Amino acid sequence: MGVALSVHADAGRRRIEELFQEHEARVFKRWLEIARSPSGGTGNQADRGGLAEQLRELYQSLRQSFGESGDLSDLRGLLAELSRDRARQGFTPTETAIVVFGLKEALYEIVEEDGSPEALRGFIWFSRVIDDLGLFTMESYAAAREKIIIDQAEQLLELSTPVVKLWEGIVAVPLVGTLDSARTQVVMEKLLQTLVDTGSEHAVIDITGVSAVDTEVAQHLLKTVVAARLMGAECVISGIRPQIAHTIVTLGIEFGDIVTKATLADALAHTLRASGVRFVKGGESRIAVRTVEG
């Protein structure tokens, strides 16, 4: 019984291979139509041309796998590349899946016309192969989308933590939003690199835009200050609003000898004095003069 089933299965596979060869142009044309349908998501002409080229490579790779003991490694590689491309271009999972599963519909029209038991049995085998490849494509697509989201999150994180130069030897980090471990790491790395690049000895960490300060946020700030001190720079924390000050006192958070100021202007004035800059009034203007120890 097992031998008979094996013979029937082999005959079915051979019939599918024959149909692919005999009706290659028709199957490929129908497959391309399905992939280019509105549900497939290919809109502009450039995308359509690129899709035709990709499907041609997939089709030829599938044909070759028939004569290579079912080796689908090259085909899987092409599908992984297709998944990454469509993920970057913003196609949905459904639009991506249709590109793969559409081949079953394209071939079934030929199998239905053939009507032989071998063709029907072979189509069952072929459907399983395509289902497996479709699942692989979805896994590749999901992995590609996850990587894109992670990369975008990292880029946004870097953009949300700029380090700006306020004065010669003075830099500032204006923080807005929530300060967590991941963001603290970015702040610390960017601040330390800027201190090295500019040779600054003073840094202002402005938390005016931080919505709330709790014990965890305070610990993150302290770590950043300690890291800057190890680089030879002194930090001032500004933006301590009355509500923030009340919270800090209530939680019993100790900043030790770290200088804190209510506003960024106060912090800048403090760092200017600490760096040897004094302001001299002259009429309606003020002149900043840096004193140099002789």
Side-chain angles (χ1 to χ4, degrees), residues 1-43 47-87 89 91-145:
M1 185 67 177
V3 175
L5 287 176
S6 178
V7 170
H8 289 319
D10 291 340
R13 295 181 186 183
R14 285 196 300 270
R15 186 53 187 155
I16 291 297
E17 295 174 21
E18 293 171 357
L19 291 176
F20 259 104
Q21 185 174 359
E22 295 170 6
H23 304 277
E24 178 176 344
R26 181 181 170 187
V27 173
F28 181 79
K29 180 182 179 181
R30 179 58 181 144
W31 184 24
L32 189 57
E33 290 175 353
I34 295 171
R36 283 177 171 176
S37 65
S39 55
T42 44
D47 289 339
R48 293 165 68 89
L51 179 63
E53 183 178 348
Q54 287 179 317
L55 293 192
R56 176 63 66 183
E57 287 184 308
L58 290 171
Y59 194 93
Q60 295 302 327
S61 180
L62 181 62
R63 283 281 311 277
Q64 291 174 6
S65 70
F66 289 152
E68 298 176 357
S69 303
D71 183 11
L72 299 173
S73 56
D74 290 343
L75 182 57
R76 287 176 180 269
L78 292 174
L79 287 173
E81 183 179 352
L82 172 75
S83 301
R84 289 191 293 268
D85 289 343
R86 293 180 77 82
Q89 293 168 8
F91 288 98
T92 67
T94 300
E95 292 167 347
T96 304
I98 287 174
V99 174
V100 180
F101 292 117
L103 183 55
K104 285 201 299 184
E105 181 180 342
L107 180 63
Y108 183 73
E109 295 175 2
I110 305 296
V111 171
E112 193 174 29
E113 290 179 5
D114 183 274
S116 65
E118 292 80 8
L120 294 173
R121 279 192 290 267
F123 184 75
I124 294 174
W125 162 78
F126 181 74
S127 295
R128 291 173 179 168
V129 172
I130 294 300
D131 289 344
D132 180 65
L133 293 174
L135 291 175
F136 172 79
T137 302
M138 288 297 92
E139 291 174 357
S140 301
Y141 175 90
R145 285 297 299 166

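What you see is a predicted model; the values in this text were computed from it and never measured.
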On a heavy-atom basis, which atom in [X] and which in [Y] lie closest, and how many Å separate them?
X	Y	value
G115	L120	O-CD1, 4.4 Å
A52	R36	CB-NH2, 3.6 Å
V111	A119	CG1-O, 3.6 Å

Candidates T137, L82, L79, L32 - the one meeting side chain to side chain contact (heavy atoms under 4.5 Å, CB included) with V99 = L82

Within-4.5 Å side-chain heavy-atom neighbours: [X] and [Y]:
X	Y	answer
T96	Q89	no
Q54	L78	no
V27	L19	no

task = Using atom types as modelled and distance alone, determine if a side-chain donor or acceptor of S65 lies under 3.5 Å from a backbone N or O of L62.
result = yes

ask   = Does atom CZ of F101 have more than 12 heavy-atom neighbours from other groups under 6.0 Å away?
value = yes

Quick check for you: to the nearest 0.5 Å, what is the distance between [X] atom [atom1] and [Y] atom [atom2]?
X	Y	atom1	atom2	value
E113	Y108	CD	OH	11.0 Å
T94	Y141	OG1	OH	8.5 Å
L103	L133	CG	CG	9.5 Å
R30	H23	CZ	NE2	15.5 Å
R121	E118	CZ	CD	5.5 Å
W125	I130	CH2	CD1	9.0 Å

query = How are the rings of Y59 and W31 set relative to one another: parallel (under 30°), tilted (30 to 60°) or perpendicular (over 60°)?
reply = tilted

note = Sequence neighbours excluded, the answer for side-chain hydrogen bond (donor to acceptor under 3.5 Å, both in side chains) partners of R84 is none

message = According to side-chain hydrogen bond (donor to acceptor under 3.5 Å, both in side chains), who are the partners of Q60, at least two apart in sequence or on a separate chain?
response = E24

key: Contacts of type ring-ring contact (aromatic ring centres under 6.0 Å, His included), residue F126, not counting sequence neighbours   = F20

task = Apply side chain to side chain contact (heavy atoms under 4.5 Å, CB included) to the pair L51 and R86, showing each step before the final yes or no.
result = CA-CA 10 Å; L51 179 63; R86 293 180 77 82; 4.0 Å; yes

request  = Could you walk me through whether L58 and V100 pass the side chain to side chain contact (heavy atoms under 4.5 Å, CB included) test, one step at a time?
outcome  = CA-CA 9 Å; L58 290 171; V100 180; over 6 Å; no

ask   = Is any NZ, NE, NH1 or NH2 atom of the basic residue among E18 and R15 found under 4.0 Å from an Asp or Glu carboxylate oxygen of the other?
value = yes

